[in-house]
Participant: 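Below is a structure I'd like to ask you about.
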Amino acid sequence: MTPLTPEWIEKAEGDFAVAQRELRARKQPNYDAVCFHVQQCAEKYLKAILQEHNVRFAKTHDLIVLLDDVVRVAPLLDPFRESLGMMTDYAVTFRYPGDSASKEMARVAVKQCAAVRAAARVVLGLPE
């Protein structure tokens, strides 16, 4: 692996753990944070794949922009385009007043992220 790839993976795993933990919280769960960390996990896994394949990528939080580059080296992730499009919105939508994520939205987001994470880990040669 390239030197930075494990760092991207470690950061992605941290975001995934936070999203899962917050979704399970019994007292004052923050579903907005769940959705934000789901987006961050997916973003970092996409960047890990690009890093590993020595593909330069833009400094962006737009998962579709990243996916367009990723599918050139890892077409396995293209079926997640719709889910990643929804996750892209979570980078900003729930961070400010006006909209809030529901428990169901957060639950679905974690499930979608888990699927993207599993596919990314396969591409990176990691255990699921």
Side-chain angles (χ1 to χ4, degrees):
M1 259 188 203
T2 69
L4 285 178
T5 301
E7 291 184 46
W8 281 112
I9 294 165
E10 184 179 342
K11 296 284 188 181
E13 285 298 302
D15 283 310
F16 190 63
V18 169
Q20 290 182 307
R21 189 168 47 245
E22 196 59 36
L23 183 62
R24 290 189 310 263
R26 293 181 190 265
K27 292 183 180 180
Q28 299 180 325
N30 186 333
Y31 301 127
D32 295 350
V34 171
C35 291
F36 173 75
H37 285 285
V38 157
Q39 186 280 337
Q40 289 290 289
C41 175
E43 177 182 327
K44 290 167 187 164
Y45 263 114
L46 294 177
K47 289 178 176 179
I49 291 168
L50 294 171
Q51 177 69 45
E52 187 59 20
H53 287 88
N54 295 309
V55 176
R56 289 186 142 171
F57 50 88
K59 290 185 178 184
T60 182
H61 299 296
D62 187 328
L63 302 181
I64 299 304
V65 168
L66 294 169
L67 180 64
D68 287 342
D69 289 334
V70 166
V71 295
R72 293 184 195 134
V73 295
L76 175 68
L77 275 97
D78 197 46
F80 298 102
R81 187 169 293 274
E82 185 177 335
S83 295
L84 290 167
M86 287 181 10
M87 284 184 228
T88 292
D89 293 338
Y90 299 158
V92 177
T93 302
F94 302 126
R95 291 176 60 199
Y96 303 101
D99 288 316
S100 294
S102 67
K103 182 177 183 178
E104 181 61 17
M105 289 173 79
R107 188 190 64 74
V108 169
V110 168
K111 184 177 179 181
Q112 290 173 333
C113 182
V116 169
R117 175 184 169 270
R121 291 180 66 83
V122 166
V123 168
L124 291 164
L126 300 169
E128 287 184 50

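Atoms considered below: every heavy atom in the structure, side chains included; atoms not considered: hydrogens, waters and symmetry mates.
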Participant: Are any side-chain N or O atoms of Glu52 and backbone N or O atoms of Thr2, one a donor and one an acceptor, separated by less than 3.5 Å?
Facilitator: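 Here the side-chain-to-backbone pair exists.
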
Participant: After noting the C-alpha distance and the side-chain angles of Tyr45 and Cys41, does the key distance pass the side-chain contact (heavy atoms from CB on, under 4.5 Å) rule?
Facilitator: CA-CA 6 Å; Tyr45 263 114; Cys41 175; 3.9 Å; yes

Participant: For a quick test of reading the model, state the closest non-hydrogen atom pair linking Pro3 to Pro6 and the distance between them.
Facilitator: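 Nearest pair, atom of Pro3 first, then Pro6: O-CD, 3.5 Å.
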
Participant: Using a strict cut-off of less than 4.0 Å between a Lys/Arg side-chain nitrogen and an Asp/Glu carboxylate oxygen, indicate whether Arg117 and Glu13 qualify as a salt bridge.
Facilitator: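 Yes.
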
Participant: Step by step, work out the side-chain contact (heavy atoms from CB on, under 4.5 Å) result for Leu77 and Leu46.
Facilitator: CA-CA 9 Å; Leu77 275 97; Leu46 294 177; 3.8 Å; yes

Participant: Met86, Phe36: one ILVMFWY side-chain cluster at the under-4.5 Å cut-off?
Facilitator: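 Looking at the clustering, Phe36 is in a separate group from Met86.
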
Participant: Measure the NE2-CG distance between His37 and Asp32 for me, rounded to the nearest 0.5 Å.
Facilitator: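 Rounded to the nearest 0.5 Å, the NE2-CG separation comes to 11.0 Å.
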
Participant: Taking atom SG of Cys35 and atom CD of Gln112, what is their separation to the nearest 0.5 Å?
Facilitator: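 So the SG of Cys35 and the CD of Gln112 are separated by 9.5 Å.
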
Participant: Quick check: closest heavy atoms across Ala58 and Leu66, and the distance to 0.1 Å?
Facilitator: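 Where Ala58 meets Leu66 most closely, the heavy atoms are O-CD2, 4.3 Å.
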
Participant: For His53, is the NE2 atom crowded, meaning more than 12 foreign heavy atoms sit under 6.0 Å from it?
Facilitator: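 More than 12 within 6.0 Å, yes.
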
Participant: Quick one: does any side-chain atom of Gln39 pair with a main-chain N or O of Leu63 as donor and acceptor, under 3.5 Å?
Facilitator: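 The answer is no, because no donor-acceptor pair under 3.5 Å joins these two groups.
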
Participant: Can Val71 be reached from Val65 by stepping across I, L, V, M, F, W or Y side chains whose heavy atoms are under 4.5 Å apart?
Facilitator: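 No: no chain of side-chain contacts under 4.5 Å links Val65 to Val71.
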
Participant: Rounded to the nearest 0.5 Å, what separates atom CD in Glu22 from atom CD in Gln28?
Facilitator: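 One finds 9.5 Å between CD of Glu22 and CD of Gln28.
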
Participant: Please determine whether residues Val18 and Val92 belong to a single hydrophobic cluster, defined as Ile, Leu, Val, Met, Phe, Trp and Tyr linked transitively by side-chain heavy-atom distances below 4.5 Å.
Facilitator: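 Different clusters.
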
Participant: Please report the interatomic distance NZ(Lys44) to CD(Glu10), rounded to the nearest 0.5 Å.
Facilitator: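 So the NZ of Lys44 and the CD of Glu10 are separated by 11.0 Å.
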
Participant: Kindly state each residue pair satisfying ring pair (Phe, Tyr, Trp, His ring centres under 6.0 Å) with at least one member in residues 73-124, sequence neighbours excluded.
Facilitator: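 Qualifying pairs, neighbours excluded: Tyr90-Phe94.
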
Participant: State, to 0.1 Å, how close Arg56 and Asp69 come at their nearest heavy-atom pair, and which atoms those are.
Facilitator: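 Closest approach of Arg56 to Asp69, heavy atoms only: O-OD2, 4.3 Å.
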
Participant: Could you report the tightest heavy-atom contact between Ala42 and Cys113, atom names first, then the distance?
Facilitator: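 Between these two residues, the closest heavy atoms are N-SG, 4.5 Å.
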
Participant: So how far is it from Tyr31 OH to Ser102 OG, rounded to the nearest 0.5 Å?
Facilitator: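 Reported value, rounded in 0.5 Å steps: 8.5 Å.
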
Participant: Identify the heavy atoms of Leu23 and Val110 that sit nearest to each other, and give their distance.
Facilitator: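 Looking at all heavy atoms of both residues, the closest pair is CD2-CG2, 3.9 Å.
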
Participant: Is there a path of hydrophobic side-chain contacts, each under 4.5 Å between heavy atoms of I/L/V/M/F/W/Y residues, joining Val108 to Met87?
Facilitator: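 Not linked; separate clusters.
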
Participant: Kindly write out the residues that satisfy side-chain contact (heavy atoms from CB on, under 4.5 Å) with Leu126, not counting sequence neighbours, or none if the list is empty.
Facilitator: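 side-chain contact (heavy atoms from CB on, under 4.5 Å) check on Leu126 returns Met1, Ile9, Arg121, Leu124.
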
Participant: Taking all non-hydrogen atoms of both residues into account, name the closest pair between Gly85 and Ile64 and its distance.
Facilitator: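 Looking at all heavy atoms of both residues, the closest pair is N-CD1, 3.7 Å.
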
Participant: Salt-bridge test for Arg81 and Asp68: reply yes if a basic N is under 4.0 Å from a carboxylate O, no otherwise.
Facilitator: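 Yes, Arg81 and Asp68 are salt-bridged.
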
Participant: How many angstroms lie between CG in Asn54 and OG1 in Thr5, if you round to the nearest 0.5 Å?
Facilitator: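 The OG1 atom of Thr5 is 8.0 Å from CG of Asn54, to the nearest 0.5 Å.
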
